[in-house]
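This report concerns only the one structure given below.
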Amino acid sequence: MTTKTIFSQILEGEIPCNEVYSDEYCLAFRDIEPQAPVHILIIPRKPIASLIEAEEKDTDLLGHLLLVAAKVAKQEHLSSWRTIINTGSEAGQTVFHLHLHLLGGRSLQWPPG
Ligand code: DGP
């Protein structure tokens, strides 16, 4: 059974978002709980729950998400940024629709918590 996530609802226009980029394969919008001055989520239109569920046939799509992250980062005038994919609840994943976090606009610590 596929459960409809909040991100599917955003993709379907049932819940509003602050969109920054959209194309045939993905949507990018500002995170509702920003952890940095720039905090954007990039999500595929295809409802892949988590990176662990991605398949070989998703190779081009996954590459596309990274390139969109770089495009959006440049659009936001960032010269350095971090991209993160949380996979599984112990890693902090709370929404089970694959998403890439793009964080920037401040100095970021390493390692993350
Ligand atoms: P993660 O913890 O990796 O699953 O990240 C989920 C992110 O999604 C978290 O940073 C908060 C964000 N988020 C949750 N619900 C909404 C929403 O309704 N709108 C937006 N823009 N972001 C959301």
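Note that the numbering runs from 1 along the sequence shown for the chain. One-based numbering, in listed order, for ligands and for the atoms of each.
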Using a 3.5 Å cut-off on N or O atoms only, is Leu41 in polar contact with ligand 1? no

Would a hydrophobic clustering, with Ile, Leu, Val, Met, Phe, Trp and Tyr connected at side-chain separations under 4.5 Å, put Leu100 with Ile84? no

Strictly by modelled atom types, are Arg45 and Ser22 linked by a side-chain donor-acceptor pair under 3.5 Å? yes

Geometric N/O contact His39 with ligand 1, under 3.5 angstrom: no

Counting non-hydrogen protein atoms only, what is the nearest one to atom 23 (C) of ligand 1? Give residue, atom name and distance. Ile32 CG2, 3.4 Å

Distance alone, cut at 3.5 Å: any donor-acceptor contact between the side chains of Asp23 and His64? yes

Has Gln9 got any heavy atom lying under 4.0 angstrom from an atom of ligand 1? no

salt_bridge(Arg30, Glu76) N-O dist < 4.0 Å: yes

Protein residue, atom and distance nearest to atom 21 (N) of ligand 1, heavy-atom basis: Arg30 O, 2.9 Å

Can you confirm whether Ile40 sits close enough to Phe29 that some side-chain heavy atom of one is under 4.5 Å from a side-chain heavy atom of the other? no

Taking 4.0 angstrom as the limit and counting only heavy atoms of His99, give me the atoms of ligand 1 inside it, by number and element. 1 (P), 3 (O), 4 (O), 5 (O), 6 (C)

Under 3.5 Å, N or O to N or O, is Gly92 touching ligand 1 that way? yes

Provide the number and element of each atom of ligand 1 under 4.0 Å from a heavy atom of Ile10. 19 (N)

Taking the six-membered ring for Trp, are His39 and His101 parallel (under 30°), tilted (30 to 60°) or perpendicular (over 60°)? tilted

Which atoms from ligand 1 have a heavy atom of Ile6 less than 4.0 Å away? 18 (O)

When you measure from atom 4 (O) of ligand 1 to every protein heavy atom, which one gives the shortest distance, and what is it? Thr94 N, 2.6 Å

Identity and separation of the nearest protein heavy atom to atom 11 (C) of ligand 1: Asp31 OD1, 3.3 Å

What protein heavy atom lies closest to atom 8 (O) of ligand 1? Include the residue and the distance to one decimal. Phe7 CZ, 3.4 Å

Using a 4.0 Å cutoff against the non-hydrogen atoms of Phe29, which atoms of ligand 1 qualify? 20 (C), 21 (N)

Return a yes/no value for His101: is any of its N or O atoms, backbone included, closer than 3.5 angstrom to an N or O of ligand 1? yes

Interatomic distance, Leu11 atom CG to Ile43 atom CD1 [nearest 0.5 angstrom]: 3.5 Å

Short N-O contact, Glu14 and Lys4, less than 4.0 angstrom: yes

Between Leu27 and Cys17, which heavy-atom pair has the shortest distance, and what is it? CD2-SG, 4.4 Å

